[in-house]
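None of these values were measured; they are calculated from a predicted model. Computed over heavy atoms, backbone and side chain alike; hydrogens, waters and symmetry mates excluded. Just so it is clear: chains get the letters A, B, ... in the order the sequence lines come, proteins before strands, and each one is counted from 1.
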There are 2 protein chains.
Amino acid sequence: MSRIVFVLMMSLLVSLAFGQSQPESLPLMPMPARVQTGAGWLVIDSSFSVGTRGPNEQELQPALELFLNHLRRQMAMPPQDMKVSTNSPAQLVVHAEHGRKDVQELGEDESYSLEVTATGATLNAETPIGVMRGLETFLQLVQITPQGFVVPAVRIHDQPRFPWRGLMIDVGRHFIPLDVLKRNLDGMAALKLNVFHWHLSENQGFRVESKQFPKLQEMGSDGLYYTHAEVRELIEYARERGIRVVPEFDMPGHSTAWFVGYPELASAPGPYQIERKWGIFDPAMDPTEERTYKFLDKFIGEMAALFPDRYFHIGGDEVNGKQWDANPKIQAFRRAHGLKSNQDLQAYFNTRVQKIVSKHGKIMIGWDEVLRPDLPKDVVIQSWRGQDSLAAASKQGFRGLLSFGYYLDLMWPASRHYAVDPMSDNAANLAPEEKQRILGGEACMWSEYVSPENIDSRVWPRMAVIAERLWSAQDVQDVNSMYTRLDATSRWLDWLGLTHNSSYDPMLRRIAGSDRIKPLRTLADVVEPVKDYTREETAPVEPTSLLPLNRFVDATRPESETARRFGILVEAIASGKADDSARREAREWLVRWQNNDAALQPVEAQSFLLKEVVPLSHNLSQVSAIGLQALDSLQRGDRPGKEMVTTQLSTLQSAEQQRAQLLLMIVPSVRKLVEASAGETSSVH
Amino acid sequence: MSRIVFVLMMSLLVSLAFGQSQPESLPLMPMPARVQTGAGWLVIDSSFSVGTRGPNEQELQPALELFLNHLRRQMAMPPQDMKVSTNSPAQLVVHAEHGRKDVQELGEDESYSLEVTATGATLNAETPIGVMRGLETFLQLVQITPQGFVVPAVRIHDQPRFPWRGLMIDVGRHFIPLDVLKRNLDGMAALKLNVFHWHLSENQGFRVESKQFPKLQEMGSDGLYYTHAEVRELIEYARERGIRVVPEFDMPGHSTAWFVGYPELASAPGPYQIERKWGIFDPAMDPTEERTYKFLDKFIGEMAALFPDRYFHIGGDEVNGKQWDANPKIQAFRRAHGLKSNQDLQAYFNTRVQKIVSKHGKIMIGWDEVLRPDLPKDVVIQSWRGQDSLAAASKQGFRGLLSFGYYLDLMWPASRHYAVDPMSDNAANLAPEEKQRILGGEACMWSEYVSPENIDSRVWPRMAVIAERLWSAQDVQDVNSMYTRLDATSRWLDWLGLTHNSSYDPMLRRIAGSDRIKPLRTLADVVEPVKDYTREETAPVEPTSLLPLNRFVDATRPESETARRFGILVEAIASGKADDSARREAREWLVRWQNNDAALQPVEAQSFLLKEVVPLSHNLSQVSAIGLQALDSLQRGDRPGKEMVTTQLSTLQSAEQQRAQLLLMIVPSVRKLVEASAGETSSVH
């Protein structure tokens with residue numbers, strides 16, 4: 001048999017073994033570009049080894065060790081088991097065509113191919129970063145079966161849709177310690193994200209050591225900042241995971257913390273204090289003084305050396321201009337330079353800063369506000385305004401990143417983030433080369449209401465669906481599949497040490513002051529924090545950075561999985577498609593919720609943190625009672641009186657209002673039941 | 001009013017405000033020597049501050065910062081809140097009469113007085129270590145109330161019963177990373193333990209870097225060892241918590257890992273490999289060669305410099321003598337030196353080693369076997385044999401530590417450890433000065449079956465009751481009070497990052513391969529791993545250090561809290577003292593358990609790790625069915641037929657046998673129900 005015929009026959013055999021059957025049944029997130037499932041599986045046990053093929057062995061070593069560490073943790077293998085094999089053949093053979101660059105760049109090839117059969121697996125990629133992505137896919141495929149831990153036979157060809165897939169964490173408003181950032185980087189790597197955007201300065205805190213201007217951290221941080229050594233440690237940690245680190249120093253606004261140590265930078269005389277409240281504040285750098293630029297030149301020079309990434313974020317958002325308006329010298333400057341508005345003045349500032357950034361070898365990024373046609377075209381616009389703003393920037397030749405729709409602090413459900421696509425609205429109509437300029441996006445974790453204790457639960461698991469949106473093909477849109485895989489992903493992230501699941505009960509126990517948290521958890525499971533900026537608007541006392549985040553709203557999750565599942569049951573019932581078991585399950589839930597208030601009352605009486613929860617708990621019982629009545633009517637087939645329905649709907653309307661800054665997420669479903677029982681099926685879809 | 005009259009009146013007023021009422025209702029563990037509760041409470045909020053009075057301010061600073069960190073974590077306060085006050089008056093004023101020694105010593109004064117009123121608190125101690133102990137008491141007193149976080153008014157005078165209260169962790173058989181040790185040191189400090197005994201070498205691994213003999217760690221550790229820097233880091237971490245670190249290098253036995261790099265130390269020619277199995281092995285150092293002592297002199301010199309504590313543990317246990325018997329040269333040496341037995345030969349070795357240890361400024365500790373009357377009297381005997389052995393040593397003038405009864409790897413319930421007192425048996429009859437020589441005790445965490453993932457659940461919370469036995473007065477014996485306070489302590493330890501609670505569900509989820517672990521947890525909640533050394537005897541495959549610890553037995557807890565509570569219900573029912581609600585609760589449990597097997601079966605079919613659990617789950621249902629029948633009989637007041645009872649008891653006897661190395665802990669209670677239903681109340685007490 002000639003070699004060619006043999007190869008052809010082999011590839012035919014392999015093709016027969018792999019089909020396109022149900023890749024969505026695999027717990028993969030983000031969904032790879034192409035997945036073919038096969039027959040059989042590769043057993044993973046203590047004899048498992050991973051080895052390299054080709055020239056870049058040395059460079060791949062850290063990634064393979066990291067991979068084995070994760071694999072061992074998933075399976076509880078001792079550290080002596082499962083080796084990186086150097087000479088002997090390995091079960092997983094890894095190959096990278098090229099070596100690694102000293103500093104990871106935007107747009108490096110992240111593609112990989114992974115093929116798993118019953119006898120072994122191969123992972124091929126152009127770059128070590130592609131290998132990292134493929135190893136994460138392999139880890140997600142490991143599952144327990146009657147035969148042991150296995151990876152199912154599969155053939156995957158994968159590459160990202162966008163080259164910039166990021167998470168921004170604001171460590172200014174609340175300081176987030178290095179170890180918390182590290183575990184979030186682990187989560188990012190697991191979801192194939194590749195940019196950590198480190199929002200390092202805010203009115204409420206300046207978080208990096210500056211050796212040039214030590215009063216920045218000494219007076220502007222409450223002692224809560226990262227040393228140079230820590231910054232380097234985090235950058236190296238990120239690099240080992242294929243993640244770039246882009247620093248942001250917000251200017252000329254959002255900069256009160258700078259002025260505590262250096263009031264001469266501001267546009268009004270000091271002294272300044274670290275800001276404790278939230279919002280947009282007046283202090284802004286003085287764009288008319290040369291000393292401002294001298295300071296920034298030295299400062300940016302120092303930071304440009306500390307942060308190796310090519311990109312450097314200068315913020316540039318939300319300058320209200322009040323200090324500029326109030327300063328006659330600045331007004332005179334504006335007139336003298338023909339700057340018609342404060343926007344023009346800020347543009348002047350940005351142009352000066354851009355030159356400094358560029359001089360230090362970096363490319364500038366800024367929020368929407370920095371966009372002016374006369375800026376150099378390499379500037380990147382990060383848009384909190386939306387796809388139209390991005391499209392407009394792209395038409396002017398600027399590259400852009402979408403963050404609108406990806407604000408994790410707004411407490412949206414995963415499905416809503418999932419629906420946001422960087423290429424929608426006006427961006428959908430761009431010419432191909434204009435589309436190229438849309439680099440991807442970044443989720444933003446603004447930190448008014450996050451602490452080291454609950455930040456993971458605000459980022460995860462919802463971050464995973466944004467990661468999928470930015471990595472997977474645009475037509476990966478099935479919300480049911482997404483939620484099924486998200487559930488697996490969320491539990492899987494536990495192995496990385498993320499605390500989004502594990503911190504829930506301890507926080508509830510603190511609030512209850514005891515172990516007996518069952519009724520409290522029943523309530524917590526069906527509520528969500530208020531959305532968008534309602535938390536500001538409904539705050540019982542003015543929130544500050546010094547207030548403890550130990551309230552019920554801080555412990556509850558952004559999205560109620562229980563309410564979502566209940567909603568699916570109700571959809572089926574209201575549309576007449578439910579079976580007995582679905583009706584029984586819905587009833588059991590409602591009965592439990594109806595009885596919950598009585599169970600919770602003794603706990604409520606024990607804790608000052610539960611006082612505000614009393615009306616919410618009461619509402620859950622009342623709403624559930626209404627749901628049970630509607631369910632009864634539906635099952636008996638009789639229609640409730642019109643008056644009764646009116647009363648019920650009015651109670652529901654009231655129960656839909658926030659209590660303790662929380663929303664009772666079963667109300668819309670119960671309304672659906674009431675409407676269905678009243679025969680108003682028009683609203684049921 | 002004269003000053004004396006005023007002081008008298010004030011102390012009268014304070015006395016009136018404090019009573020002896022129910023100190024056991026406070027969640028304190030170990031119970032302090034003297035507790036008087038008062039009226040009212042001190043509110044702890046963000047304005048709380050702690051300050052020092054007197055000369056040792058600087059030295060107390062780290063302890064106060066650590067205290068505030070814990071307090072902030074308990075209450076979820078931001079790091080900017082709650083300060084160490086330097087000039088202004090503080091709410092908690094701390095005073096230490098003396099400063100701290102460079103190296104913490106055995107027997108330093110750990111007493112403290114803590115007084116809390118509605119307006120403030122004072123903590124007075126002789127030493128900074130006493131202050132640390134008092135601060136831990138303060139933290140345990142913090143509770144949530146309708147008025148906020150408070151500490152109840154209380155007056156406490158406290159000091160330990162024994163000066164040596166330790167935990168030994170064996171990092172030889174399974175390597176335990178530094179961060180895991182650190183969180184266990186946090187737990188130790190919370191329980192006022194003061195010695196971390198670091199068992200650093202074993203047949204299965206040599207765990208410290210030696211610069212003198214680098215092949216020790218290079219060839220004897222699988223790369224799993226602590227560098228000098230890490231050792232120093234841990235010692236400093238312990239010191240900040242008032243904990244001494246005593247290293248143990250086990251010799252002349254338990255030393256195979258040494259011989260991998262240095263076979264010339266052994267009594268038989270090599271080569272040697274790291275031992276993977278468990279047990280007592282033949283290899284032992286050659287006590288007849290001068291090069292052995294030269295090696296040990298250099299090695300102990302190096303380690304004596306690295307570990308500042310005055311005490312140095314040389315192990316000395318379990319030498320089986322086989323290598324010595326087989327070596328003609330060693331036999332000849334024995335004859336030439338008139339050493340009648342291998343015990344005599346080991347005594348010769350110990351005497352030589354003791355001189356080396358002493359030369360390097362240290363006091364030797366060894367296990368029972370090292371005890372020989374001719375050793376210097378400063379040698380300390382650690383007894384795994386028991387109080388009689390301790391008493392004998394004490395009569396010979398040696399000091400001793402009890403570890404018999406405190407072996408955490410034997411999986412005893414807390415109550416059984418709690419009942420072990422160093423001063424019982426022959427030790428109770430010692431003369432006062434002989435009693436003085438019994439320094440205290442140490443719990444031992446031998447690590448055949450612990451990994452970084454489950455070690456916390458093997459140490460905690462049971463360690464806490466041993467800590468109470470060694471700190472509190474001998475007459476603190478109330479088991480109910482102990483379990484109530486242990487429950488609170490266990491949850492409280494979560495805040496220190498210990499994973500004994502949080503690792504439970506993730507381990508069950510790994511085994512189930514899914515989130516749906518409710519029936520698996522129901523089963524896990526009522527079983528316990530087999531006791532003593534039964535795990536060796538019943539092992540399905542020969543256990544080694546390379547086997548993953550991911551079985552059901554590795555995830556379950558040493559003591560079933562559910563079974564214990566069920567036992568209390570059954571006691572009440574069988575003795576006719578139960579009310580309706582107790583009977584209902586017992587019935588609900590039994591029904592749930594009876595139905596559990598059916599719920600678990602679909603999960604069992606998914607995972608190879610659940611195959612061995614099938615019969616255990618089946619037994620739970622069967623046993624529960626018998627319990628329900630007995631409960632029915634008792635409630636109806638009819639007696640079941642004799643044959644039926646015989647069948648039931650025989651089924652229970654079979655169900656009492658281990659399955660999957662686990663015991664079904666409700667069986668004794670169900671037998672009690674059956675016997676009660678049959679009218680055999682004699683066995684009911």
Should we count CH2 of A:W492 as having more than 12 external heavy atoms under 6.0 Å?
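Buried by this count: over 12 neighbours within 6.0 Å.
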Can you tell me if CD on B:Q273 sees more than 12 non-hydrogen neighbours from other groups inside 6.0 Å?
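Check fails, neighbour count at 12 or below.
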Is [X] close to chain A through its backbone or its side chain, or both, or neither, when contacts mean heavy atoms under 4.5 Å?
X: B:F149; result: both
X: B:S451; result: neither
X: B:Q606; result: backbone
X: B:E604; result: neither

Taking atom OG of B:S46 and atom CG of A:L547, what is their separation to the nearest 0.5 Å?
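Rounded to the nearest 0.5 Å, the OG-CG separation comes to 7.5 Å.
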Just verifying a value: how many Å separate A:Q204 CD and B:Q80 CD, rounded to the nearest 0.5 Å?
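Nearest 0.5 Å value for the CD-CD distance: 10.5 Å.
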With side-chain contact (heavy atoms from CB on, under 4.5 Å) as the test, would you mind laying out the steps for B:I511 and A:I144 before giving the verdict?
CA-CA 8 Å; B:I511 293 168; A:I144 204 165; 5.5 Å; no
Could you tell me whether the side chain of B:T145 reaches within less than 4.5 Å of the side chain of A:S607, counting heavy atoms only?
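Side-chain contact under 4.5 Å: no.
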Can you tell me which residue among B:R72, B:M75, B:M77 is in a side-chain contact (heavy atoms from CB on, under 4.5 Å) with A:P548?
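It is B:M77; the other options fail the test.
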Sort A:L546 into side chain, backbone, both or neither according to what part of it lies under 4.5 angstrom from a heavy atom of chain B.
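It is both, since atoms from each part get that close.
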Part of A:R276 within contact of chain B (heavy atom distance under 4.5 Å):
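Just its side chain gets close to chain B.
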Would you name the heavy atoms of B:P146 and A:A605 that are closest together and state the gap between them?
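For B:P146 and A:A605, the tightest heavy-atom pair comes out as CG-O, 3.1 Å.
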Shortest non-hydrogen contact from A:D487 to B:R516?
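Nearest heavy atoms, A:D487 then B:R516: OD2-NH2, 4.2 Å.
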Assess whether side-chain contact (heavy atoms from CB on, under 4.5 Å) is satisfied between A:W495 and B:R509, documenting all intermediate values.
CA-CA 11 Å; A:W495 295 121; B:R509 278 199 291 268; 5.6 Å; no
